Amino acid sequence: MSGKKNKDIFLAPFSKDNPVIVQILGICSALAVTAKLEPAFVMALSVIAVTTLANFVISLLRNTIPPRIRIIVQLVVVAALVILVDQVLKAFVYDVSKQLSVFVGLIITNCIIMGRLEAFAMGNKPFPSVLDGLGSGIGYGLILIIVGFFRELLGSGTLWGFQIIPQSWYAANGGFYENNGLMILPPMALIVFGIIIWVHRSRNKELQEK
Amino acid sequence: MENLLSIFVKSIFIDNMVFAFFFGMCSYIAVSKTVKTAMGLGLAVIFVMIVTVPINYLLNQYVLEPGALAWISPDLADVDLSFLSFIIFIAVIASIVQLVEMVVEKFAPALYSSLGIFLPLIAVNCAILGGSLFMQERAYSNIGEASVFALGSGIGWWLAIIGIAAIREKLTYSNVPAPLKGAGITFIVTGLMGMAFMIFMGIQL
């Protein structure tokens with residue numbers, strides 16, 4: 001019985017309860033790091049790690065946290081985890097960590113994490129909380145990777161730094177193609193995002209707002 | 001003086017928190033349905049920003065930076081606490097927000113009733129933490145510059161949320177395709193506003 005429920009907890013955030021495009025949480029970082037696929041992927045992994053661990057820790061502590069100061073306690077736990085992630089990124093993928101700049105720190109205020117802690121980890125046992133954190137993190141990561149894929153492909157003609165659009169297509173080499181420079185600028189992230197929401201909601205009619 | 005003015009204008013228009021860095025998007029989308037509530041949140045953000053950034057600036061300068069502890073004793077000159085900055089900044093922000101909430105409740109009940117519900121939201125608004133982190137990354141040379149940057153960023157955020165709220169109030173009369181209603185169209189409109197703000201990009205002050 002609990003097996004089915006746990007599966008639900010884990011899978012719901014992928015699509016019909018996606019934290020980014022349905023609940024509109026954690027947008028700041030989702031938009032800012034997606035000009036290229038690689039930072040988007042690293043960011044997604046970092047957020048998955050932080051949500052999962054933070055959900056686990058808060059769920060263990062849930063009966064000892066006084067309700068009045070719970071936000072501060074949660075922030076401190078999350079901040080400690082983010083420091084760990086930041087140090088790990090600086091040690092192993094220094095270039096990406098430089099590109100992400102302040103956005104690693106901003107994982108602390110990523111609303112997905114606070115939202116899951118408030119809504120789930122404060123009232124549930126550690127194991128479901130871990131699943132919930134993992135599910136939400138992956139749901140967030142999926143969107144990041146979709147946005148990053150389109151922005152890098154259309155904006156720079158590359159994926160993960162590798163050239164995808166053949167060089168001979170470019171107008172500079174006598175072809176017909178030109179990269180859409182607008183895609184890597186901030187406003188286009190918002191518009192790509194709006195389009196993803198559009199597609200997603202026209203397939204899931206129950207999510208449409210009145 | 002000119003330098004301060006340039007930081008001020010730059011942080012409002014060119015490096016606008018919302019359009020250039022997407023800071024505080026969650027509350028930007030969630031609280032922009034009417035101009036009145038948007039105004040409340042915007043003012044609260046400006047206020048918390050100009051309080052927390054200078055405090056974090058001082059902490060960064062005298063506690064966190066490599067060698068910052070030298071003022072206590074020369075032995076501490078090679079201590080580098082900068083890895084603690086996230087936790088210190090967020091602790092300062094969360095406690096200042098709590099403090100501001102209590103002070104405002106006690107001394108300005110009218111302001112509290114209009115701002116009050118937004119204050120707890122602000123502790124987790126990325127614009128505030130982003131302000132402190134940018135202040136650290138850009139290494140402003142004195143507290144005046146840091147405060148002006150904070151004021152400018154706060155005003156920039158306020159301007160953005162007022163703008164989108166006004167547009168969304170008008171949008172309720174338009175015939176938006178059903179799947180785009182609410183969040184979808186807000187993103188696209190914000191994108192268009194962002195493009196409009198891009199005209200400031202090349203300006204050198």
Side-chain angles (χ1 to χ4, degrees), chain A residues 21-33 68-69 71-76 78-80 82-83 86-87 90 101-115 182 185-205 207-210, chain B residues 16-30 83-91 93-95 97-98 120-121 123-137 176-198 201:
Chain A
I21 56 176
V22 178
Q23 301 170 19
I24 317 292
L25 295 175
I27 313 291
C28 333
S29 53
L31 292 165
V33 300
R68 282 189 68 95
I69 58 159
I71 303 245
I72 297 183
V73 174
Q74 289 164 359
L75 281 174
V76 169
V78 176
V82 170
I83 290 176
D86 184 44
Q87 299 291 322
K90 274 190 184 140
S101 76
V102 299
F103 291 100
V104 181
L106 287 175
I107 298 177
I108 299 171
T109 49
N110 190 317
C111 335
I112 295 175
I113 297 172
M114 296 302 290
L182 190 60
L185 293 173
M188 227 27 220
L190 290 157
I191 293 177
V192 170
F193 225 83
I195 293 170
I196 290 178
I197 291 180
W198 189 358
V199 172
H200 186 253
R201 291 197 179 169
S202 47
R203 296 173 58 123
N204 297 273
K205 293 227 172 353
L207 296 174
Q208 292 173 5
E209 292 172 45
K210 275 180 229 91
Chain B
N16 186 289
M17 279 283 179
V18 174
F19 299 125
F21 300 106
F22 316 108
F23 283 173
M25 281 307 270
C26 308
S27 29
Y28 173 85
I29 303 278
F83 68 93
L84 282 178
S85 47
F86 295 157
I87 209 163
I88 301 264
F89 287 172
I90 198 70
I93 290 167
S95 37
V97 167
Q98 200 97 36
L121 261 180
V124 290
N125 186 325
C126 1
I128 308 288
L129 182 63
S132 288
L133 292 174
F134 267 137
M135 171 276 294
Q136 188 190 32
E137 194 180 85
V176 179
L180 267 179
K181 268 189 185 142
I185 195 73
T186 311
F187 276 112
I188 291 180
V189 169
T190 310
L192 296 176
M193 285 167 77
M195 279 186 205
F197 263 71
M198 273 168 58
M201 258 169 117

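Keep in mind it's a predicted model, so treat the numbers as computed, not measured. Naming: A, B, ... by sequence-line order, numbering from 1 per chain.
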Legend entry - From SG (B:Cys126) to CD1 (A:Ile107), nearest 0.5 Å: 11.5 Å
Inset, instruction - Report yes if the side chains of A:Ile191 and B:Leu192 come closer than 4.5 Å at any heavy-atom pair, otherwise no. - result: yes
Legend entry - Under 4.5 Å from any heavy atom of chain A - which part of B:Phe19: backbone
Inset, instruction - Could you tell me which non-hydrogen atom of A:Ile108 sits nearest to which non-hydrogen atom of B:Ile90, and how far apart they are? - result: CG2-CG1, 3.8 Å
Inset, instruction - To the nearest 0.5 angstrom, please state how far the CD1 atom of A:Ile83 sits from the CD1 atom of B:Ile88. - result: 8.5 Å
Inset, instruction - Specify which of A:Phe103, A:Trp198, A:Phe193 makes the most heavy-atom pairs with chain B at under 4.5 Å. - result: A:Trp198
Legend entry - Any side-chain heavy-atom pair of A:Val76 and B:Ile87 under 4.5 Å: yes
Inset, instruction - Answer with side chain, backbone, both or neither: which region of A:Leu185 has an atom nearer than 4.5 Å to a non-hydrogen atom of chain B? - result: side chain
Legend entry - Most chain A-contacting option - heavy-atom pairs closer than 4.5 Å, from B:Met193, B:Gln136, B:Met195: B:Met195
Legend entry - Option that, when pairs with chain A are counted at under 4.5 Å, heavy atom only, ranks first among B:Phe89, B:Phe86, B:Phe23: B:Phe86
Legend entry - Intermediate values then yes/no, side-chain contact (heavy atoms from CB on, under 4.5 Å), B:Ile128 and A:Thr109: CA-CA 9 Å; B:Ile128 308 288; A:Thr109 49; over 6 Å; no
Inset, instruction - For each of B:Phe21, B:Phe197, B:Phe187, tally heavy-atom pairs with chain A at distances under 4.5 Å, and name the one with the top tally. - result: B:Phe187
Legend entry - Residue among B:Gly184, B:Ala94, B:Ala183, B:Gly194 with most heavy-atom pairs under 4.5 Å to chain A: B:Ala183
Legend entry - Under 4.5 Å from any heavy atom of chain A - which part of B:Ile188: both
Inset, instruction - Counting only heavy atoms closer than 4.5 Å, note whether B:Ala20 contacts chain A via side chain, backbone, both or neither. - result: backbone
Legend entry - Contact summary for A:Ala189 and B:Phe22, nearest pair of heavy atoms: CB-CZ, 4.0 Å
Inset, instruction - Against chain B, work out which of A:Ile196, A:Leu190, A:Asp86, A:Ile27 has the most heavy-atom pairs shorter than 4.5 Å and name it. - result: A:Leu190
Inset, instruction - Drop me the distance from A:Ile197's CD1 to B:Ile185's CD1, to the nearest 0.5 angstrom. - result: 10.5 Å
